[in-house]
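Lettering follows sequence order; numbering is per chain, from 1.
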Number of protein chains: 2
Amino acid sequence: MQIDDIQQVRRFNRLVTQRAGALEESYLSRGRPLGEARLLFEIGVAGGCDVALLRTRLGLDSGYLSRLLRSLERQRLVELRKAEGDGRARSVVLTEKGREEFEAYEALSDEVAEDLLSLLDEPRRKRLIAAMGEIERLLRGAALEISVEDPASADARWCLEQYFAELSARFENGFDPGKGGGPPSSEMRPPNGWLLVARIDREPVGCGALMRLDEVAGEIKRVWTAPAARGLGVAARLMGRLEALARDAGFSIVRLDTNRTLSEARAMYRKLGYVEIPRYNDNPYAHHWFEKRL
Amino acid sequence: MQIDDIQQVRRFNRLVTQRAGALEESYLSRGRPLGEARLLFEIGVAGGCDVALLRTRLGLDSGYLSRLLRSLERQRLVELRKAEGDGRARSVVLTEKGREEFEAYEALSDEVAEDLLSLLDEPRRKRLIAAMGEIERLLRGAALEISVEDPASADARWCLEQYFAELSARFENGFDPGKGGGPPSSEMRPPNGWLLVARIDREPVGCGALMRLDEVAGEIKRVWTAPAARGLGVAARLMGRLEALARDAGFSIVRLDTNRTLSEARAMYRKLGYVEIPRYNDNPYAHHWFEKRL
DNA sequence: AAAATCATCTGACTAAAGTCAGGTAATGCA
DNA sequence: TGCATTACCTGACTTTAGTCAGATGATTTT
């Protein structure tokens, strides 16, 4: 690692935190301490949620959070009620007045961003946005964690549900997991199957599975990235890990199939070194088959 | 301005401030409140300075700052003494122990930056650094302020001194302002001369002058950018403003000369539409002459 | 059904950060 | 010379942000 790089990061951090301080200051303009403003904002973004979620998201002490909520309640900005399902927990929602306040904070955030952009002419603005997007993708992608997961875990099931829902939305004739979903999820457990879940900041953002086809070949299935995490290279990282798993399991070949509507996926497989091969299974939803020698 | 752009800036701000929190947290690891740590750091960066400068840089109340300084003094990290020149003012310097602490904070900053970089592989790291550099240049450049200044003002004199010092360091045979410096600074006042000073965050970072040659032609001189602000497009912005001044003054041509050692300057003049012409003056330090029709 | 665990609340604290109104000595200006 | 201004200091105060040790009632485990 180069010293120049470190210096660049440090200069950048200094500059950006300085500018970002403008946001905190603008938040204070509504005459409410920052802690309360942040809390109100977080409740608004979540659109009402359980107190426990706020506690972990903002990293607050439970006593402290309780008091902050009480204060917002006294200001008639939020309402607290018992959470459904668990009588111990409580959930918060914004009142009408709270929603107005939240929107005022939204407007302030927009304003700060707009002020920044207005300093630049159109081509420079484009470059700034592009560079910000690049940094965002790189940093979010860097925070990606991939782990082998039991297919029955809550996050795994969530990912798979999303995946199937997306297939049935995108495939020309819909999608029925029973017909083309391949092996049931319960088989995606070692030693003949592996399910990976990718997370960013604890939140699941993607999945992928490897199944044993025979002694020498594995099959990659159910590679999916959450819409919010696309463009970060999540799928490519999942593929890499699946191939590593395949190698560790002693496979020398991995195969996969895909539907013709998923053209981005096909482009990615090619880029990763997969070559198209003849049909090797009877999946009615597949139009292309690929393999890669490890 | 597009809504997408604003959202990108907001997402970026959120992400970056979140990561920057890591730095603040690491600063706390030395068992000193953040306020004191920041102050110590600022004194160290400045290498000792007047109290008033710290007050404006950190935006602190004078009473509060006074107490913070007292606390650092009690810890034997800094020493306060009367500022030279003004008996009311005080100046601060780090003690030996203070310097050690400062360096520990420096090391922490480096570490945080390194941790970030270590999350990425080499090509991604390169992209991150490039994007950070781009953002830094754009934002710093956006904060550039250019104004017509009296050549006797402190900032103007500082810029001109720096400019002459640099010429004498770079020219093959040194530089004597008396021989090639052109008209004395006192002539750079309307209606026959204009001196521009460029500033970023109040700090002067460059200068440039326009002088009347005759009824229809102006001459651009003393265009200089402080080393710390190079690469931000300061000189190009100064040139643009000087040309605008020339147009307003009724000139239809601007000319300028330059030394052969200043190749970046020559490249910039060409890029801005200047064309090389024969010698039009007797400046012994000039090797190239340019002009541009407005 | 008892015991353990959990989510939240309450009260009693503390440290940090900051504000404000004078006060003192040095400086600048008429 | 004298009066306003400036740079900093001091004391008295407030707000913000947070910690911690129980208390309470719901839920889960045994």
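For B:Asp61 and D:dG11, the CG to C1' distance is 13 Å, given to the nearest whole Å. Atom CG in B:Leu69 sits roughly 11 Å away from atom P in D:dT10 (whole-Å rounding). Rounded to whole Å, the distance from CZ on B:Arg81 to P on C:dA26 is 18 Å. Rounded to an integer number of Å, the gap from A:Tyr64 OH to C:dT14 P is 18 Å. As rounded to whole Å, 11 Å separates atom P of C:dG18 from atom CD of A:Glu25. The distance from atom CG of A:Leu72 to atom P of C:dC9 is 12 Å, rounded to the nearest whole Å. The separation between B:Leu28 atom CG and D:dT19 atom C1' is 15 Å, rounded to whole Å. Between the C1' atom of D:dT6 and the NZ atom of B:Lys82 lies a distance of 14 Å, rounded to the nearest Å.
In this structure, A:Arg70 and A:Asp86 both approach DNA chain C, and ranking their closest nucleotides by distance from the 5' end singles out A:Asp86. In terms of position on DNA chain D, the residue among A:Leu60 and A:Gly85 whose nearest nucleotide sits closer to the 5' end is A:Leu60. Where B:Ser91 and A:Leu68 each meet DNA chain D at their nearest nucleotide, the meeting point lying more 5' is that of B:Ser91.
With a 4.5 Å cut-off on side-chain heavy atoms, A:Ser71 and A:Glu36 count as touching. The side-chain heavy atoms of B:Ile6 and A:Leu117, taken from C-beta on, include a pair separated by under 4.5 Å.
Note on B:Glu79 versus B:Arg81: salt bridge recorded, some NZ/NE/NH1/NH2 to OD/OE distance being below 4.0 Å. By the 4.0 Å N-to-carboxylate-O rule, A:Glu24 lies close enough to A:Arg38 to be salt-bridged with it.
Taking 3.5 Å as the limit, the base of C:dG11 and the side chain of A:Arg67 contain a donor-acceptor pair of atoms between them.
Note: B:Arg140 CZ to A:Leu15 CG = 4.5 Å, rounded to the nearest 0.5 Å. Here CG of A:Leu23 is found 11.0 Å from OH of A:Tyr105. Values are rounded to the nearest 0.5 Å. Atom CG of residue B:Leu232 and atom CG of residue B:Leu138 lie 9.5 Å apart, to the nearest 0.5 angstrom.
Between D:dC9, D:dC20, C:dT8, one nucleotide has an atom nearer to the side chain of A:Ser62 than all others, and that is C:dT8. When distances run from any side-chain atom of A:Arg90 to the nucleotides C:dT19, C:dT8, D:dC8, the shortest one goes to C:dT8.
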Show the atom names and distances, to 0.1 Å, of all donor-acceptor pairs under 3.5 Å that link a side chain in residues 49-56 of chain B to residues at least two apart or in another chain.
| residue | atom | partner | partner atom | Å |
| --- | --- | --- | --- | --- |
| B:Thr56 | OG1 | B:Leu53 | O | 2.9 |

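Against DNA chain D, the stretch residues 31-57 of chain B makes heavy-atom approaches under 4.0 Å through B:Val51, B:Ala52, B:Arg55.
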Restricting both atoms to N or O, compile the protein contacts to nucleotides 1-5 of chain D shorter than 3.5 Å, with distance only.
none

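Side-chain atoms of B:Arg222 do not come within 3.5 Å of backbone N or O of B:Leu160 as any donor-acceptor pair.
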